[in-house]
There are 2 protein chains.
Amino acid sequence: MKNTTITIKDLALEVGMSISTVSRALSNHHHISESTKAKVNEAAQKLGYRYNALAAALRNSKSNTIGLIVPRVSMFFHAAVITSIQNTLHKYGYNVIICQSNESPELEKEMLNLLHASRVEGIIVSCSIKTEDFSHFSDSVNDGVPVIFYDRVPSNHPSHKIKGDEYTGAYLATSHLIEQGCKNIAHIGGPLTSIQYKERFEGYKAALKKNSIPFIEEIVLFHELTNENALNSCEKLFNGAIVPDAIFASNDTTALAVIQFAKKRHIAIPDHLKVVGYSNDNRTEISNPTLTSVEQFPHEMGEQAANLMMDIIKQKIVPGRNFISLTTPVELIKRNSSSN
Amino acid sequence: MKNTTITIKDLALEVGMSISTVSRALSNHHHISESTKAKVNEAAQKLGYRYNALAAALRNSKSNTIGLIVPRVSMFFHAAVITSIQNTLHKYGYNVIICQSNESPELEKEMLNLLHASRVEGIIVSCSIKTEDFSHFSDSVNDGVPVIFYDRVPSNHPSHKIKGDEYTGAYLATSHLIEQGCKNIAHIGGPLTSIQYKERFEGYKAALKKNSIPFIEEIVLFHELTNENALNSCEKLFNGAIVPDAIFASNDTTALAVIQFAKKRHIAIPDHLKVVGYSNDNRTEISNPTLTSVEQFPHEMGEQAANLMMDIIKQKIVPGRNFISLTTPVELIKRNSSSN
DNA sequence: TTAAAACTTGCAATCGTTTGCGCATTAATG
DNA sequence: CATTAATGCGCAAACGATTGCAAGTTTTAA
């Protein structure tokens, strides 16, 4: 194990040239002769030289790095987006530092500061579900570091945003259930503090209205969308005065819980109960019955986020004071939980 | 948007003290009076100072960062490990740079160099399935950067390794099938170039032998474990001379494909065919029937990897020339695909 | 009153690269 | 042969933080 790290200074010594020449040779500068470049590269190879990106970033005030904050990488949707962002940015020669907020606003803020300390040139964020104060993100922008939100975007905070067409997704899902002849379509949504759940709720209501189906408050429930919460909601719904003949759930975990509940209660799906989820995660085609769900195209969302970031950083887009909002399409994937 | 970034120099100017005092005040040095610290921190707050970790890392030759290379973050198992590694390292004040090799040995090597350029203090890797040359990882170690492999570990390359008890996992799975009365237990494994698939194969054979059940070569197949490949293998198996009454698959995707195939062919599971998978991913309890699988405890594996790295870096462990190999336990999770 | 001790603070070098400017060498031109 | 242009290379100053050593100030004790 060496304890000496090789620098361009060592290379300069080795080839008997100045530091500047070595630096230029390594970066393939056009003022340097081919023979010199060859010599320098050979020496670099020989001595096991490794480029120090830290030093370069310091000198250039440019890190070629983008920061990423997500609630949890283990969520299928986010994992897909991350993969896509990273692969896209890699093409531009940019690296990514990925952080997890674990759905904690405090950790989210800490991670943001961490990314600043690493002098990232831009930050892409999907917020924790509990984040309500976004002022620290404004600080980032004021410091010249662009911030792009995706999926979990703030509702009342001016910023670049990329989100799915939640309204349409919910509208399509609900309309589909109506087409199947359902009258009492329940909705289990996430906290309405989150704009996406709000929009899905709006889409749900719009579809009902459009088809002149009365909105029934008793069969609409909101809470964090965990398996346990969903099972509780099912209890409530099926012990209530109005028994639903369909449930539109705002995520797949919840929809799968509904299926689980129906099995236990021997409620036939889709005959007596139809179910639609949201996100089209990798469990939807495995479940029994397979789950109808709304595809969000995480791959494209990631690509868009990465490309937008590059456009902003490379000043192709000079937004000034106005912010860009992109909406990615959705698609209803019909499976056996909603029709035969 | 400011175009000036605030440095400790600016703070020094603001409070009328030297740069060194400001630096020490910020890092809470005990030689600095409380009143000075307060003044400096106040100024930092006021001017919006942000610590430059790059400069510090350069000066200290210490980045407080660990690099991570995984095939793909969107694989359930890896996502879980990553989350765990990141949360554990965060407690030590360490950051993580996550890279994806996309199962490409070339990209893997590129990412390794990238991590070195960022002067990570250690590297945790789960190899691409195609990686056969590990010499560049030796270079890392020679440069003083410890490397820990997990899950996808090299078989013939001296290094720190953390892997599941594959042999036992397969042994348990196969034994369980035998207990259920199966005689013709097929095995669909991954490429034997990968040590983990090899060990699972060994465990499978050992269980057969132990129970005096003949090993039948015709019902053992190896290939990359994708859904399509698995369906092809099912075709082969069920058109062959010896029809299996059970299949032990080396991952869950394959096992789920078997279930899919059986449904199409109207083969009753578990009555006429029993199936066991590997990894216990989040689809296993959703499928119909639910899938018996081997749990690998990714959370613990991540914790172990992170803790081992910290021990090595902080020299609690001075391995010298010998390498550490850890084996994490496995557990067979019995579900409906293998028994009633 | 004075010296020693205790407490604060500052100087300046350093980490590894990059790059504007200037100098030297060679080739091309009149 | 003299002048200009082109080419190839080196000097030295940044980038922002840390830290050993030295020095200044205040407090305490004799």
Side-chain angles (χ1 to χ4, degrees), chain A residues 2-40 43-44 47-65 113-114 116-121 143-144, chain B residues 2-41 43-44 47-65 113 116-121 143-144:
Chain A
K2 293 177 220 160
N3 38 14
T4 70
T5 80
I6 305 296
T7 73
I8 55 172
K9 200 171 166 183
D10 301 312
L11 296 187
L13 225 60
E14 172 81 11
V15 300
M17 279 184 277
S18 78
I19 293 183
S20 13
T21 302
V22 171
S23 170
R24 282 191 259 254
L26 287 174
S27 57
N28 204 21
H29 196 284
H30 64 281
H31 274 9
I32 302 293
S33 69
E34 289 305 321
S35 66
T36 304
K37 287 181 190 168
K39 246 199 295 186
V40 169
L47 299 187
Y49 167 76
R50 288 193 192 273
Y51 180 73
N52 188 330
L54 263 41
L58 178 60
R59 160 68 218 233
N60 300 331
S61 306
K62 186 155 192 343
S63 64
N64 275 274
T65 302
N113 287 328
L114 232 62
H116 275 287
S118 295
R119 291 298 186 268
V120 295
E121 296 177 33
D143 283 2
Chain B
K2 294 178 219 157
N3 38 14
T4 70
T5 80
I6 305 296
T7 72
I8 54 171
K9 200 172 167 182
D10 301 312
L11 295 187
L13 225 61
E14 171 82 11
V15 299
M17 281 183 276
S18 79
I19 294 184
S20 11
T21 303
V22 170
S23 171
R24 281 191 259 255
L26 287 174
S27 56
N28 205 20
H29 196 284
H30 65 283
H31 274 8
I32 302 294
S33 69
E34 288 306 320
S35 67
T36 304
K37 287 181 190 168
K39 247 199 294 186
V40 170
N41 281 316
L47 299 188
Y49 167 75
R50 287 193 192 274
Y51 180 72
N52 188 330
L54 262 42
L58 178 60
R59 159 67 218 235
N60 300 330
S61 305
K62 186 153 192 345
S63 65
N64 274 271
T65 303
N113 287 329
H116 275 286
S118 295
R119 291 296 186 267
V120 295
E121 296 177 33
D143 282 2

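Proteins come first, then strands; the chains are lettered A, B, ... in the order of their sequence lines, and each starts at number 1.
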With a cut-off of 3.5 Å and sequence neighbours excluded, list every side-chain donor-acceptor pair involving residues 19-26 of chain B.
from: B:S20; atom 1: OG; to: B:S18; atom 2: OG; distance (Å): 3.2
from: B:T21; atom 1: OG1; to: B:S18; atom 2: OG; distance (Å): 3.2

Quick one: which of D:dA17, C:dG16, D:dC15 gets closest to the side chain of A:S61?
D:dC15
d(CZ, A:R119; C1', D:dG16) in whole Å
8 Å
Within this structure, what is the CD1-to-C1' distance between B:I8 and C:dG10, rounded to whole angstrom?
13 Å
State which residues pass salt bridge (Lys or Arg N to Asp or Glu O under 4.0 Å) with A:K39; sequence neighbours excluded, sorted by chain then number.
none
Starting at atom CG of A:L54, determine the distance to atom C1' of D:dA17, rounded to an integer number of angstrom.
12 Å
Closest approach of A:T7 to A:D10 (non-hydrogen atoms, all atoms of both residues)
N-OD2, 2.8 Å
Would you kindly give the CD1-to-P distance between A:I6 and C:dT17, to the nearest whole Å?
10 Å
Could you pull out all residues at least two apart from B:T36 that satisfy side chain to side chain donor-acceptor pair (under 3.5 Å)?
B:S33
Taken to the nearest whole Å, NE2/B:H29 to P/D:dC21 is 13 Å
Whole-Å distance between D:dG16 C1' and A:N60 CG?
14 Å
Does a nitrogen or oxygen in the side chain of B:S23 sit under 4.0 Å from OP1 or OP2 of D:dT19?
no
Taking atom C1' of C:dT14 as reference, at what distance in whole Å does atom CG of A:L58 sit?
12 Å
What one-letter contact string describes nucleotides 6-13 of chain D from 5' to 3', where B marks a base within less than 4.0 Å of any protein heavy atom, S marks contact via sugar-phosphate atoms alone, and - marks no contact?
--BSBB-B
Could you tell me how far apart B:Y51 (OH) and D:dG16 (C1') are, to the nearest whole angstrom?
10 Å
Of the listed nucleotides C:dT19, C:dT17, D:dG16, the one nearest the side chain of A:Y49:
C:dT17
Identify, with sequence neighbours excluded, every residue that meets side chain to side chain donor-acceptor pair (under 3.5 Å) alongside A:S61.
none
Qualifying residues under salt bridge (Lys or Arg N to Asp or Glu O under 4.0 Å), relative to B:R119, sequence neighbours excluded:
none
